[in-house]
Amino acid sequence: MTTVGLLYPGHAAEDDFPRTEILLDTDIRLPLFSTETGEDVYRADALREQGDPDRIAEGVEELRLAGAEALIWASSGGSFGLGWEGAHEQVATLARAAGLPASSTSIGFGHAVRELGARRVAVAAPYPDDVTGLFADFLASAGVEVVAAASGGAASSAEAGSWGPEEVKRLVREADHLDAEVVLVPDTSLHTTAFIPELEELLGKPVLTANQVTVWEGLRLADRRTWAPTLGTLFASREPVLGKLEPKGIEVRE
């Protein structure tokens with residue numbers, strides 16, 4: 001059995017993770033602890049507060065007792081809102097507190113883009129424009145070029161969590177660009193697990209969603225590879241989908 005512990009901010013789309021366990025149909029387990037979020041608003045200062053180390057650490061002991069082999073801070077804005085250096089300091093602090101390897105959803109996006117062998121992406125985010133811009137800046141620090149972006153204008157995780165498949169599909173269509181090799185859908189508050197292949201069929205290219213990337217990043221840390229095409233291209237191949245990177249390709253700095 002492989003167990004990845006998830007530290008998830010508040011309540012919005014955490015039911016995506018039990019669904020993921022079912023779709024994986026293996027001995028993978030994803031115990032989840034909901035952390036306190038403070039003010040639920042998509043605003044830079046509130047996102048930074050959400051990612052406070054003391055808030056995140058609340059669930060560490062519970063997840064350790066659940067047998068977690070790795071921990072993921074299952075938040076996009078609560079990590080990229082701190083910037084590149086801040087996000088890495090955040091997970092380093094978490095790893096020291098837990099005595100386990102740790103990462104976050106935002107850092108996972110950088111690794112997942114590299115896994116697909118991609119260089120250029122489009123971003124379909126539910127956030128206001130300024131918060132989407134913070135994510136684009138974060139990706140740039142990872143060596144990922146954002147060629148297009150669309151913002152859904154949601155005010156909070158509660159609002160994003162209420163979106164259904166049609167709202168998400170509309171956003172990814174708006175964000176997509178001819179030069180984008182992959183479309184990224186950040187925000188673990190969005191329900192996406194049930195229809196990732198539909199998004200990929202709609203666009204004709206890989207789509208990375210926050211909750212999908214969260215699980216993949218945890219399994220990467222636990223050194224567990226699994227094949228689950230119902231979770232999209234990221235889980236459907238053991239080799240980079242778009243070919244191997246050139247020496248000057250993406251370098252996700254740790």
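Since we're looking at a predicted model, the values are computed, not measured.
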Report task. Is it possible for you to say whether Y42 and L139 belong to one hydrophobic cluster, with membership spreading through side-chain heavy-atom contacts below 4.5 Å? Result -> yes

**Report entry** Main-chain N/O of A236 paired with T233 side-chain donor or acceptor, under 3.5 Å
**Finding:** no

Report summary line: Scanning both residues in full, the closest heavy-atom pair of A46 with V41 reads CB-CG1, 3.5 Å

Query raised in the report: Would you find a donor on one side and an acceptor on the other, under 3.5 Å apart, between the side chain of E181 and the backbone of R120?
Result: yes

Query - Donor-acceptor pair, side chain of S189 and main chain of A12, under 3.5 angstrom - result: no

Query raised in the report: Would you say the side-chain atoms of H191 pair up with the backbone N or O of G164, donor to acceptor, closer than 3.5 Å?
Result: no

Report task. Using modelled atom types only, decide if a donor and an acceptor are shared between the side chain of Y8 and the backbone of A13 within a distance under 3.5 Å. Result -> yes

**Report entry** Distance in Å, E62 CD paired with L32 CG, rounded so as to fall on 0.5 Å steps
**Finding:** 9.5 Å

Requested in this report: Evaluate the ring planes of H88 and W84, with Trp represented by its six-membered ring, and classify them as parallel (under 30°), tilted (30 to 60°) or perpendicular (over 60°).
Outcome: tilted

Query raised in the report: Are L171 and V213 joined in one hydrophobic group, where the rule is that I, L, V, M, F, W and Y side chains link up if heavy atoms are under 4.5 Å apart?
Result: no

**Report entry** side-chain hydrogen bond (donor to acceptor under 3.5 Å, both in side chains) between T214 and T105, intermediate numbers included
**Finding:** CA-CA 5 Å; T214 296; T105 301; 2.6 Å; yes

Query raised in the report: For I28 and V4, what are the C-alpha separation, side-chain angles and deciding distance, and is it a side chain to side chain contact (heavy atoms under 4.5 Å, CB included)?
Result: CA-CA 8 Å; I28 293 168; V4 175; 5.6 Å; no

Query raised in the report: Are W73 and Q50 close enough, and set up right, to give a side chain to side chain contact (heavy atoms under 4.5 Å, CB included), and what steps lead you there?
Result: CA-CA 11 Å; W73 168 226; Q50 183 185 101; 4.2 Å; yes

Report task. Work out which heavy atom in W163 is nearest to a heavy atom in G152; give both atom names and the distance. Result -> CH2-CA, 3.8 Å

Query raised in the report: Please walk me through it: do S104 and Q90 pass side-chain hydrogen bond (donor to acceptor under 3.5 Å, both in side chains)?
Result: CA-CA 9 Å; S104 67; Q90 180 187 61; 4.8 Å; no

Requested in this report: Could you check if a side-chain atom of K169 sits within less than 4.5 angstrom of a side-chain atom of L199, using non-hydrogen atoms only?
Outcome: yes

Query - Residues that T35 engages under side chain to side chain donor-acceptor pair (under 3.5 Å), provided they are two or more places apart - result: none

Query raised in the report: For the side chain of E145 and the backbone of R119, is there at least one donor-acceptor N/O pair under 3.5 Å apart?
Result: no

Report summary line: Value for CG (D187) from OH (Y127), rounded to nearest 0.5 Å, stands at 4.0 Å

Query - Separation of L63 CG from L6 CG (nearest 0.5 Å) - result: 7.5 Å

Requested in this report: List in chain and number order the residues that pass side chain to side chain donor-acceptor pair (under 3.5 Å) with R55, two or more places apart in sequence or in another chain; answer none if no residue qualifies.
Outcome: E49

Query - Over all atoms of both residues, closest heavy-atom pair of V172 and V185 - result: CG1-CG2, 3.7 Å

Query raised in the report: V144 and L203: same hydrophobic cluster, using ILVMFWY side-chain contacts below 4.5 Å?
Result: no

Query raised in the report: If you draw a 6.0 Å radius around CD in E201, do more than 12 non-hydrogen atoms from other residues or ligands fall strictly inside?
Result: no

Query - Worked verdict on L202 versus D176 for side chain to side chain contact (heavy atoms under 4.5 Å, CB included) - result: CA-CA 10 Å; L202 178 68; D176 191 23; over 6 Å; no

Requested in this report: Please report the shortest heavy-atom distance between A44 and L134, naming the atom on each side.
Outcome: CB-CD1, 4.0 Å

Report task. Look at the side chain of S106 and the backbone N and O of S76, then say whether any donor-acceptor pair between them is shorter than 3.5 Å. Result -> yes

**Report entry** F80 side chain near S75 side chain, heavy-atom distance below 4.5 Å
**Finding:** no

Requested in this report: Kindly work out whether a path of hydrophobic side-chain contacts (I/L/V/M/F/W/Y, heavy atoms less than 4.5 Å apart) joins L221 to F235.
Outcome: yes

**Report entry** Minimum heavy-atom distance between P206 and L116, given as atom pair plus value
**Finding:** CB-CD1, 3.8 Å

Query - Path from L234 to L184 over hydrophobic side-chain contacts below 4.5 Å - result: yes

Query - Ring-ring centroid check F135 F109, cutoff 6.0 Å - result: yes

Query raised in the report: With no hydrogens and no angle check, is any side-chain donor or acceptor of E217 less than 3.5 Å from a backbone partner on H111?
Result: no

Report task. Report yes or no: do N211 and T193 form a side-chain donor-acceptor pair below 3.5 Å? Result -> no

Query raised in the report: Which distance, rounded to the nearest 0.5 Å, do you find between the CD1 of I56 and the CG of L94?
Result: 6.5 Å

Query - Non-hydrogen atoms of H177 and A148 that approach each other most closely - result: CB-CB, 3.6 Å

Report task. Please tell me if the side chains of T209 and I196 come closer than 4.5 Å, counting only heavy atoms from C-beta onward. Result -> yes

Query - Value rounded to 0.5 Å, distance of CG in L30 from CG in L24 - result: 6.5 Å

Query raised in the report: Heavy atoms, side chains only, cut-off 4.5 Å: are P186 and V123 in contact?
Result: yes

Query - Test item: K205 side-chain N/O and V183 main-chain N/O as donor-acceptor pair under 3.5 Å - result: no

Requested in this report: Mind jotting down which residue pairs meet the salt bridge (charged side-chain N to carboxylate O under 4.0 Å, His left out) criterion with at least one end in residues 3-21? Sequence neighbours excluded, please.
Outcome: none

Query raised in the report: About how many Å separate OG1 of T3 and CG of L71, when rounded to the nearest 0.5 Å?
Result: 11.0 Å

Report task. Test side chain to side chain contact (heavy atoms under 4.5 Å, CB included) on E115 and L208 and set out the steps. Result -> CA-CA 11 Å; E115 174 76 4; L208 298 177; over 6 Å; no

